[in-house]
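Below is one structure, written out as structure tokens; comments come after it.
One-based numbering, in listed order, for ligands and for the atoms of each.
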Amino acid sequence: MSTLAVELEPARSKGPATHRIQWPATRVSSLLGIRYPIIQGPFGGGASTAQLAASVSNAGGLGSFGAYGLHADQITALIGDIRALTPRSFAVNLWVSTHDAPESEMTRERYEAAVEYLRPVYASFGVQAPPYPDQFAVRFEDQVEAVLEARPPAFSFVFGIPDERVLDACRSTGITTIGTASTVAEAVALDEAGVDLIVASGFEAGGHRVSFLQPADQSLIGGIALIPAVADQVQAPVVAAGGIADARGVVAALALGAEGAQIGTAFLATQESGALPEHRAALFDAPRTALTKVVTGRLARGIPNSLTGLFPAGDEILPFPYQGYLLAPVVAAARDQHRADLAKLWCGQSAGLLSCHHADELMDALTTETTELLTAISATSVQHRPGPSLTSLDRWANEGGCLGEDSNYTIVDNPERSRIELRSGRRIAGFVQYERRVGLMALVHTDVAPEFPGHDLAGQLIIAALEGARDDGLEVLPLCPNASGFIGRHPEYLDLVPASQRGHFDLPV
Ligand SMILES: Cc1cc2nc3c(=O)[nH]c(=O)nc-3n(C[C@H](O)[C@H](O)[C@H](O)COP(=O)(O)O)c2cc1C
């Protein structure tokens, strides 16, 4: 089960009560400090841009930059570039494992044999075979130091779990960590390592299948089965990835137990991405996609073309990163010469759903259409319940518990702002903010004016909300620390919190 709370805002029209469903307040949005729990998937290998990441962050989501393959100084620079474009939260992404076979196995002999195989292709592009290098790939260990030093708001990673020292450093410097799982077992491993958020990536996703416990070709699970299975097994909030390109996918992800959505292909298709114009155009043609190891040596989803056809079945594909190193001059030439037939055309199965050409436009469509869709669904299935009962708060205040007997107070259940307020004259002495959905009340915030210390006003407001939830037969999610701490100290309210959720709030299960 996930922690999902949706705010109901009363419609201003007359007639029967209809309510507009606001965007969910989830742990993903609160941990990342973003308005909408939408993450732009990072793109390693050149398709990320600071502009794309900043556009998404500025529009209320989380922009990401895939820094796979970049050197430490380039990583430091790109974080500076993003910071110059947005004051908001963003993520930098790395690949934890960068080699499927040690460099010692890539002997000069084996290397020369592979070069020989590709010589006609190099010749057709007029490019030289790449020289045998000192090092085939930039190592994670070197890159991650630059990330820790620059302290981006969030650090996401794939193909493994960074060691404890790195995760501890992130915790102590306030970097939110985002791990990626392609199976339930990987999600559990990330959870046990204490990673803050877990992306559950279905096999519909574009780009590499980022498996790290079992081989990728044995980890091919679609999102509809993977997401709820992961949400059932982990404490950390889950972000759904793979096949999501519009509001329908976002709402489905939330229904499956995710608390956010990571979207790759649809952002790759926008003008702000670093994808080749030919690549972006191909995405809008609703292409067929396939998984292949030909391009890098690791399994990845893209549009089949002459590049993916270079190694017919039976021909040796070198392990990662050597295969990619050998094909790099071909890919670079295809890029320079705008040859889509020989370019790297990563693409997910959602390509048939694309319609937006700008990141802002896509964010706007996702956010407004998700609200509309949630509202449309709720109009057919949700019966609005009245606000919580205020009897206990009224009684307490009447007895002078808060402001003194001669105070002039009023208690307001302000459904328009989804909060219970206690007002002293015209001033708000304190309030508890709640969000409601079918069967559920989430307590998201309490606030008490500084001139009412020591009166237990916050506690009384929380009791009012809890009693109201009990009267209305609602379960409670204590999303704010005040509310979870209060229930921890008052176990008579523990039964209101669903047993499956208690662990999330450090409450006894
Ligand atoms: C061109 C491309 C490059 C990608 N590179 C990375 C990467 O370096 N790191 C990563 O975590 N995910 C990477 N991904 C995956 C995306 O971030 C995202 O999770 C995925 O695309 C979501 O699925 P969708 O394509 O169906 O929306 C890449 C995806 C694409 C299409």
Using a 4.0 Å cutoff against the non-hydrogen atoms of [X], which atoms of ligand 1 qualify?
| X | result |
| --- | --- |
| Gly243 | 24 (P), 26 (O) |
| Gln262 | 17 (O), 18 (C), 19 (O) |
| Ile263 | 27 (O) |
| Trp95 | 7 (C), 8 (O), 9 (N) |
| Gly242 | 22 (C), 23 (O), 26 (O) |
| Thr265 | 21 (O), 24 (P), 25 (O), 27 (O) |

Which segment of Ala47 sits under 4.0 Å of ligand 1 when only heavy atoms are counted: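 No part of Ala47 is near ligand 1 at this cut-off.
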
So which protein heavy atom does [atom] come closest to, and at what separation?
| atom | answer |
| --- | --- |
| atom 30 (C) of ligand 1 | Phe43 CD2, 3.5 Å |
| atom 27 (O) of ligand 1 | Gly264 N, 2.8 Å |
| atom 9 (N) of ligand 1 | Asn93 OD1, 2.8 Å |

Short side-chain to backbone donor-acceptor contact, [X] and [Y], under 3.5 Å:
| X | Y | result |
| --- | --- | --- |
| Asp364 | Asp360 | no |
| His445 | Cys480 | no |
| Gln40 | Ser64 | yes |
| Thr296 | Gly324 | no |
| Ser48 | Phe43 | yes |
| Thr176 | Ala154 | no |

Distance-only side-chain donor-acceptor flag, Glu361 / His357, under 3.5 Å: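 Side chains of Glu361 and His357: no pair found under 3.5 Å.
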
Heavy-atom pair with the smallest gap, counting every atom of Ala245 and Leu362: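 That would be O-CD1, 4.1 Å.
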
Is the closest N or O pair between [X] and ligand 1 shorter than 3.5 Å?
| X | answer |
| --- | --- |
| Gly44 | yes |
| Gln349 | no |
| Cys347 | no |

ring-ring contact (aromatic ring centres under 6.0 Å, His included) between Trp95 and Phe212, intermediate numbers included: CA-CA 11 Å; Trp95 295 18; Phe212 60 93; over 10 Å; no

Partner set under salt bridge (charged side-chain N to carboxylate O under 4.0 Å, His left out) for Arg171, not counting sequence neighbours: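 By the salt bridge (charged side-chain N to carboxylate O under 4.0 Å, His left out) rule, Arg171 matches Asp168.
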
Closest candidate by heavy atom, reference atom 28 (C) of ligand 1, pool Ala91, Pro42, Gly41: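 Checking each option, the heavy atom nearest atom 28 (C) of ligand 1 is found in Pro42.
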
Heavy-atom proximity to atom 15 (C) of ligand 1, best of Gly206, Ser156, Gly207: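 It is Gly206 whose heavy atom sits nearest to atom 15 (C) of ligand 1.
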
